[in-house]
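Here's the structure, in structure tokens; my notes come after.
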Amino acid sequence: MKSISSSSYKKFTLECCVDSVESALLAEKGGADRLELCSNLIIGGTTPTLALFRQIREHTDIRIHVLLRPRFGDFLYTKQELQIIAKEICLFREAGAEGIVIGCLSPDGSLDCEAMRFLINQSGQMSVTLHRAFDMSKDPFHTLELAKELGIQTILTSGCQASCADSIDLLRQLDEKADGQLTIMAGAGIGESTVKLLLEQTGLTAFHMSGKRIKNSGMLFRNPNVSMGLPGMSEYEIWETDANAVAAVKKLLSE
């Protein structure tokens, strides 16, 4: 099992979740240490294309962890879906991605260790993050122990709430229970004010943010009678990383 080495000082990690080349470069500009690359961030993220990964690689050598989620919805996967994820792990590993972000649950809400081992075995030397399927599990402390046994390096979690700001106590407890064997990375509602609270009240050293802003579409003609977007969402609004929001969090961590 890989473990986190101890030191007399804290080294902070700022990960930025992006789903476009533009957002990736803005995240790097703001000071992100690494990217979680996905598609369809608006629905929580799905697996990105290899073309997107390669296009980002042409412009930056920032560390990239790839989210592998074949569809929107729960984390109870069929055998066919697990085979798809496994093949995508191999493809992104060969393409040079440094990490994968995965998560599988059983019907009873426990971590599906058999499925996780199957996927982890495809990852080679890539870093493995358990994503927010963790927050949908029935017992976060038991899931944490299983993640340790599986040799997972990072757990991305909101503390089982909609926002990290609502779960500071649990995040602190999880970090303490992790005991240096893996990293608890806070994600959901992460911005300058939330990170400040977490730094004051926990020992967390890793933070995950999208830092998104809404960019207006450049389309001049807009048919008012047709909508191609999600209900309540306009296709003429584009989510894009705000480099200034990332930089504000990076400044806090640097200080």
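Small disclaimer: the values here were computed from a predicted structure and weren't measured.
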Pairwise distance [atom1]([X]) to [atom2]([Y]) - rounded to 0.5 angstrom:
{"X": "T157", "Y": "L170", "atom1": "OG1", "atom2": "CG", "result": "6.5 Å"}
{"X": "L68", "Y": "T47", "atom1": "CG", "atom2": "OG1", "result": "5.0 Å"}
{"X": "C164", "Y": "M209", "atom1": "SG", "atom2": "CE", "result": "11.5 Å"}
{"X": "D112", "Y": "Y77", "atom1": "CG", "atom2": "OH", "result": "11.0 Å"}
{"X": "I100", "Y": "S123", "atom1": "CD1", "atom2": "OG", "result": "4.5 Å"}
{"X": "F207", "Y": "L14", "atom1": "CZ", "atom2": "CG", "result": "9.0 Å"}

With hydrophobic residues grouped by side-chain heavy-atom distances under 4.5 Å, do [X] and [Y] end up in a single group?
{"X": "M136", "Y": "M185", "result": "no"}
{"X": "L144", "Y": "V101", "result": "no"}
{"X": "L156", "Y": "L37", "result": "no"}
{"X": "F53", "Y": "L67", "result": "no"}
{"X": "V66", "Y": "I56", "result": "yes"}

Where do [X] and [Y] come nearest, in terms of heavy atoms and distance?
{"X": "G151", "Y": "Q153", "answer": "O-NE2, 2.6 Å"}
{"X": "L171", "Y": "G159", "answer": "CD2-N, 3.7 Å"}
{"X": "D74", "Y": "L76", "answer": "OD1-N, 3.1 Å"}

Show me the donor-acceptor pairs, under 3.5 Å and distance only, between side chains in residues 80-95 and residues at least two apart or in other chains.
residue : atom : partner : partner atom : Å
E81     : OE1  : T78     : N            : 2.9
E81     : OE2  : R71     : NE           : 2.6
R93     : NH1  : Q122    : O            : 2.3

Can you check whether [X] reaches [Y] side chain to side chain, under 4.5 Å on heavy atoms?
{"X": "L182", "Y": "I155", "answer": "yes"}
{"X": "F141", "Y": "Q173", "answer": "yes"}
{"X": "I120", "Y": "I152", "answer": "yes"}
{"X": "I102", "Y": "M116", "answer": "yes"}
{"X": "T241", "Y": "S210", "answer": "no"}
{"X": "I238", "Y": "I214", "answer": "no"}
{"X": "R117", "Y": "L119", "answer": "no"}
{"X": "D139", "Y": "S110", "answer": "no"}

Check: residues 189-203 side-chain donor-acceptor pairs under 3.5 Å, at least two apart:
residue : atom : partner : partner atom : Å
T194    : OG1  : G189    : O            : 2.9
T202    : OG1  : L198    : O            : 2.6
T202    : OG1  : L204    : N            : 3.2

- Test side chain to side chain contact (heavy atoms under 4.5 Å, CB included) on F75 and R69 and set out the steps. CA-CA 8 Å; F75 305 106; R69 184 184 180 210; 3.6 Å; yes
Distance-only side-chain donor-acceptor flag, [X] / [Y], under 3.5 Å:
{"X": "N40", "Y": "T46", "result": "yes"}
{"X": "E36", "Y": "H65", "result": "no"}
{"X": "S158", "Y": "R132", "result": "yes"}

Tell me whether [X] contacts the main-chain N or O of [Y] through its side chain, where contact means a donor paired with an acceptor under 3.5 Å.
{"X": "T60", "Y": "R57", "result": "no"}
{"X": "T49", "Y": "L52", "result": "yes"}
{"X": "D135", "Y": "C160", "result": "yes"}
{"X": "D179", "Y": "Q181", "result": "no"}
{"X": "S217", "Y": "M219", "result": "yes"}

- Taking only residues two or more places apart in sequence or in another chain, which ones pass side-chain contact (heavy atoms from CB on, under 4.5 Å) with E240?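 E240 satisfies side-chain contact (heavy atoms from CB on, under 4.5 Å) with E22, S23, L26, R213, K215 only.
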- Query: What do the steps show when you test D175 against R172 for salt bridge (Lys or Arg N to Asp or Glu O under 4.0 Å), and what is the final call?
  - Reply: CA-CA 5 Å; D175 185 50; R172 181 174 57 249; over 6 Å; no
- Message: What verdict does the side chain to side chain contact (heavy atoms under 4.5 Å, CB included) test give for H208 and C17, after you've listed the backbone C-alpha separation in whole Å, the side-chain angles of each residue and the deciding distance to 0.1 Å?
- Response: CA-CA 7 Å; H208 169 101; C17 185; 3.6 Å; yes
- Got a sec: does the NE2 of H59 have more than 12 other heavy atoms crowding it under 6.0 Å?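 For H59, atom NE2 is crowded (more than 12 foreign heavy atoms under 6.0 Å).
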- Taking NZ, NE, NH1 and NH2 as the nitrogens, is one of them in R63 or E98 under 4.0 Å from a carboxylate oxygen of the other?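 No salt bridge links R63 with E98.
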- So, E255 and K251, do they make that salt bridge, N to O below 4.0 Å?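 Yes, E255 and K251 are salt-bridged.
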